[in-house]
Protein chains: 2
Amino acid sequence: MAAMELDKTDRKILAILQADGRLSNQEVAERVSLSPSPCLRRIKRLEDAGIIRQYVALLEPAKIGLGLLAYVNVRLEKQRDAQASGSARSGSATPRTDFAASVENWPEVVACYAMTGEMDYLLRVHVEDMEHFSRFMMGTLLRHPAVLDVKSSFALQRIKDTTALPLL
Amino acid sequence: MAAMELDKTDRKILAILQADGRLSNQEVAERVSLSPSPCLRRIKRLEDAGIIRQYVALLEPAKIGLGLLAYVNVRLEKQRDAQASGSARSGSATPRTDFAASVENWPEVVACYAMTGEMDYLLRVHVEDMEHFSRFMMGTLLRHPAVLDVKSSFALQRIKDTTALPLL
DNA sequence: CGTGAAACATTAGCGGC
DNA sequence: GCCGCTAATGTTTCACG
């Protein structure tokens, strides 16, 4: 958890792997002018430090039938906590925690952040089309007891969307 | 560009590679109960069809000094097109196109979508802290001639954030 | 789709700066 | 501490059945 120092070579490695996560260690080593073993040691260090969190394949939504991307702002009801129900209360089922737990099980929701401002949460939702979106809203999101209201916007055009973070 | 049919095995491969993009072909083959060569042929097919767009390493923002995530809604000025300037007009420099071009050069902006609703664009912006954000706003975004106004919200808590799309 | 073989990549141990 | 060599092991990739 120490805030590990990154030198120029480490940053170069991160930039390379952010652009192509499947490059062989040899290829990376060559591009940073190192031999394979110290390069591999650095990559391992970055992985172990949690700086490299994961390697993934990115898919093209349109090509797997996900034609519609929505951002949904969600407002939750205020904490209505000390309301005893029939059985023993576990003590931690606030609207916020069980909304968060539900989000995990909704595969259409690929991202969810608690936000400042009027709305409590911002969700990124991938669906096939408006009908699928509608089904998700009526059948799932709006039915969740913690949800007070929502406001949706739809993506018209992707200008940029990268997983590559800026390296300071 | 044909809307390529995906069978159960293809979907399984996509699910596996969305979760770990560095698995060896052998490992993937084993998990889908195939031998390495047909498995590799399938993966190549998925790459060539553009269904697998890219392989990347995901970094942990907090561990590389990016402590603040903002979503910024941007409204552009209306097209003020037929305004001849001193020299010949190239014909395509609308506010929208040159805003889009600028976004490409701002590494803090990792995503930008044109959206329905009151605001024209939604930007996802990774910065170190409020001071960095403020510098980006005053020095870059608000200085762009096409930008009319902006509204920002900040992430308080990441509930979920995955690149893995739902497979229908 | 699977087999096999050549080319290539990974990774641990060790010596050197 | 960090680098680079070597050598054993494992993986990719393709022609062919």
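Residue numbers start from 1 in every chain, and the chains themselves are labelled A, B, ... in the order their sequence lines are given, proteins ahead of strands. What you see is a predicted model; the values in this text were computed from it and never measured.
At least one donor-acceptor pair closer than 3.5 Å links the side chain of A:Asp10 to the backbone N or O of A:Asp7. In this structure, the side chain of A:Asp120 engages the main chain of A:Leu76 through a donor-acceptor pair within 3.5 Å. The closest donor-acceptor contact from the side chain of B:Gln18 to the backbone of B:Leu165 lies under 3.5 Å.
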One character per nucleotide, please: for nucleotides 12-17 of chain C, 5' to 3', B when the base has a protein heavy atom closer than 4.0 Å, S when only the sugar-phosphate does, - otherwise. ------
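One atom, CD1 of B:Ile43, and another, C1' of D:dT13, lie 13 Å apart when rounded to the nearest Å. Between the C1' atom of D:dC2 and the CD atom of A:Glu5 lies a distance of 16 Å, rounded to the nearest Å. Nucleotide D:dT13 holds its C1' atom 18 Å from the CZ atom of B:Arg45, rounded to whole Å. Taking atom CG of residue B:Leu34 and atom P of nucleotide D:dT11, one finds them 17 Å apart after rounding to whole Å.
In this structure, B:Tyr121 OH and A:Ile159 CD1 are separated by 4.5 Å, a value rounded to the nearest 0.5 Å. The distance from the CZ atom of B:Arg11 to the CD1 atom of B:Ile51 is 10.5 Å, given to the nearest 0.5 Å.
If you check every strand for non-hydrogen atoms under 4.0 Å, B:Arg42 touches sugar and phosphate atoms only.
Between A:Lys44 and the phosphate of C:dT11, there is a side-chain N or O to OP1/OP2 separation shorter than 4.0 Å.
Within residues 19-29 of chain A, the residues having any heavy atom closer than 4.0 Å to DNA chain C are, in order of number, A:Ser24, A:Asn25, A:Gln26.
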What's the verdict on side-chain contact (heavy atoms from CB on, under 4.5 Å) for B:Leu141 and B:Val109, showing C-alpha distance, side-chain angles and the deciding distance? CA-CA 10 Å; B:Leu141 184 59; B:Val109 179; over 6 Å; no
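Relative orientation of the B:Phe99 and B:Trp106 rings is perpendicular, given thresholds of 30° and 60° on the angle between their planes.
Using a cut-off of 4.0 Å between Lys/Arg side-chain N and Asp/Glu carboxylate O, A:Arg124 and A:Asp161 are scored as salt-bridged.
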